[in-house]
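Read the structure below first, then the notes.
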2 protein chains.
Amino acid sequence: MTRSDSTTRDGLLDAAESLFAEHGFASASVRAITESAGANVAAVNYHFGSKLELIKAVLERRVGPLNAERLRRLDLCETRVDATLEDVVAAFVEPALAMVRNEEDRTSLARLLGNVFSQAGAELRPVLLDLFGPLIERFVVALERFLPGLAPRQIYWRFHFMVGATSFTVGLGNIAQAYSDGACDPSDADHLERELVRFVAEGFRHGARAPGDAS
Amino acid sequence: MTRSDSTTRDGLLDAAESLFAEHGFASASVRAITESAGANVAAVNYHFGSKLELIKAVLERRVGPLNAERLRRLDLCETRVDATLEDVVAAFVEPALAMVRNEEDRTSLARLLGNVFSQAGAELRPVLLDLFGPLIERFVVALERFLPGLAPRQIYWRFHFMVGATSFTVGLGNIAQAYSDGACDPSDADHLERELVRFVAEGFRHGARAPGDAS
DNA sequence: GTCTATATAGCGATAGAC
DNA sequence: GTCTATCGCTATATAGAC
């Protein structure tokens, strides 16, 4: 594969991402994907080997950079002495919301990532653990520094709640707009970001001592 | 249909619920469902008319009572003068967690309900809005009483975050056990319930005045 | 690297006997 | 109300021409 002919491969990834987001991994067919990409039906098998490998490639292309950015921001928190719990939460939340923010096609990437956990069947579970496992460990360690006095299981559960709120918002933020009769506007990303970060940070904080307080 | 022959119908609902939860609506086939129920392949079409109608019946059988219980507990909050924000949150969260708690088969109902929003395709969206719309309105009104000073869009977004955290926990609580290396135990329902209710309540509370404070 | 044609299998749904 | 048999369709995947 040369650089010039990667357009078909990339076109397949783009089309697959969009259709997976819209219909789910199972319901988006290889035929629909190739047709949407303007490629031949056999292209998926030629370039990826199977539909499952295509799904993995779609995930890795997006989740890799997303989690790399999260870790980059977490590094910043850990080198700055004036970092707050809100900064750590924002390091996790904001890169995810940024994908919605910069997305012209609202039914594409964001919805896919938001629903990736619930959509994933047994065959994708190991892939997700590989992609997210190291990230979780790093964040839990960082959170412990800001939340002295909490038991590990409390940190893990609250981290789980954060993932749930974030995924649900990234994937299904538009339904909030529907049932709130327009009061919630997902395109007002600044407000949404501020609300989610503070909601999660306050949820994390309760029952913990102030950082550095040894009492 | 007489009372006595409803066993086939109920068996289909049970089998469908379990297989939908395990494989998703799209991937769980009518053939697998009827086989699992010990019924004939034609039984789904005879009793429900189509696969989509079967999905609707499965959802309504469970979501109806769940939301009825939530509203019953919300009514209690509104008649008691000493009710707290935590009580309102618990009215939403605990009936959902109770389904996990009392569930022998961990891959069944709970996972289905937790993932119902992300699994639902376009054809199920109206059904879900019918099932959840009135509930949302009631809760938002009740929450406003406990959160003076917050804008409606803040209440709606935070409600959305609560739904996300709750759904994710109900549907995928077992993955927290996996990546926390056993520190999180979903079967310790009392601890999980307390953590989730307080996490959400503190998230709701920030930036609001104390209830009754007109300052 | 892209194409057509096809192998193989599973799907939802239905007709008609019992 | 349950059964078998089957229709019509779609799916993934592949073989082989170009």
Side-chain angles (χ1 to χ4, degrees), chain A residues 1-61 112 119-125 127, chain B residues 1-61 112 119-125 127:
Chain A
M1 189 189 78
T2 66
R3 167 108 90 254
S4 61
D5 55 37
S6 67
T7 53
T8 294
R9 195 186 141 95
D10 286 346
L12 287 171
L13 287 171
D14 291 339
E17 180 173 291
S18 177
L19 289 170
F20 286 153
E22 193 175 348
H23 301 109
F25 293 124
S27 299
S29 69
V30 169
R31 308 179 97 86
I33 290 165
T34 51
E35 186 181 355
S36 166
N40 188 269
V41 271
V44 162
N45 241 259
Y46 176 79
H47 286 281
F48 299 94
S50 70
K51 181 183 180 179
L52 179 60
E53 292 303 316
L54 170 63
I55 295 174
K56 289 182 186 173
V58 167
L59 287 183
E60 279 158 11
R61 182 175 70 146
L112 175 66
Q119 290 265 345
E123 73 288 353
L124 280 179
R125 208 58 57 86
V127 181
Chain B
M1 188 189 77
T2 65
R3 165 111 86 250
S4 59
D5 54 37
S6 67
T7 54
T8 294
R9 196 187 141 96
D10 286 345
L12 288 171
L13 287 171
D14 290 340
E17 180 173 290
S18 177
L19 289 171
F20 286 152
E22 195 176 348
H23 301 109
F25 292 125
S27 299
S29 71
V30 169
R31 307 179 101 89
I33 290 164
T34 50
E35 186 181 353
S36 167
N40 188 269
V41 271
V44 161
N45 240 258
Y46 177 79
H47 285 283
F48 299 94
S50 71
K51 182 183 180 180
L52 179 59
E53 292 302 316
L54 170 64
I55 295 174
K56 289 184 188 173
V58 167
L59 286 183
E60 280 160 9
R61 181 174 72 145
L112 174 67
Q119 290 265 343
E123 72 288 355
L124 280 179
R125 209 55 61 84
V127 181

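The sequence lines fix the lettering, A, B, ..., with proteins before strands; numbering per chain opens at 1.
One interatomic measurement links the two molecules: CG of A:Asn45 to C1' of D:dA11, which rounds to 12 Å at whole-angstrom precision. The distance between atom NZ of A:Lys51 and atom P of D:dT10, rounded to the nearest whole Å, is 15 Å. When the P atom of C:dT2 is taken as reference, atom CZ of A:Arg9 falls 12 Å away, rounded to whole Å. Computed from coordinates, the B:Ile33 CD1 to C:dA13 P distance equals 11 Å when rounded to whole Å. Whole-Å rounding puts the B:Phe25 CZ to C:dG12 P distance at 14 Å. In this structure, B:Phe48 atom CZ and C:dG12 atom P are separated by 15 Å, rounded to whole Å. As a whole-Å value, the separation of A:Glu35 CD from C:dT4 P is 13 Å. The nearest whole Å value for the distance from the CD atom in A:Glu53 to the C1' atom in D:dT14 is 17 Å.
Side-chain proximity of A:Val41 to C:dT4, C:dC11, D:dG1: nearest is C:dT4. The side chain of A:Ser29 sits closest to D:dA11 out of D:dG1, C:dT2, D:dA11. In this structure, the nucleotide among C:dT2, D:dT2, C:dG12 sitting nearest to the side chain of B:His47 is D:dT2. Nearest nucleotide to the B:Asn40 side chain, out of C:dT2, C:dT14, D:dT4: D:dT4.
The distance from atom CD of B:Glu53 to atom CD of B:Glu60, rounded to the nearest 0.5 Å, is 8.5 Å. From B:Asn40, atom CG reaches atom CZ of B:Arg31 across 10.0 Å, with rounding to the nearest 0.5 Å.
Within 4.0 Å (heavy atoms only), B:Ala42 reaches at least one base atom of the nucleic acid.
The closest side-chain heavy-atom distance from A:Asp10 to A:His47 is not below 4.5 Å.
Within the 4.0 Å cut-off from OP1 or OP2 of D:dG1, not a single side-chain nitrogen or oxygen of B:Thr8 is found.
For the pair A:Ser27 and A:Tyr46, nearest-nucleotide mapping onto DNA chain D gives the more 5' position to A:Ser27.
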task: Any chance you could lay out the side-chain contact (heavy atoms from CB on, under 4.5 Å) test for A:Glu17 and A:Leu13, step after step, and finish with the verdict?
output: CA-CA 6 Å; A:Glu17 180 173 291; A:Leu13 287 171; over 6 Å; no

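Remark: the B:Arg31 side chain and the C:dG12 base include a donor-acceptor N/O pair separated by less than 3.5 Å.
Nearest heavy atoms, A:Ala16 versus A:Val58: CB-CG2, 3.9 Å.
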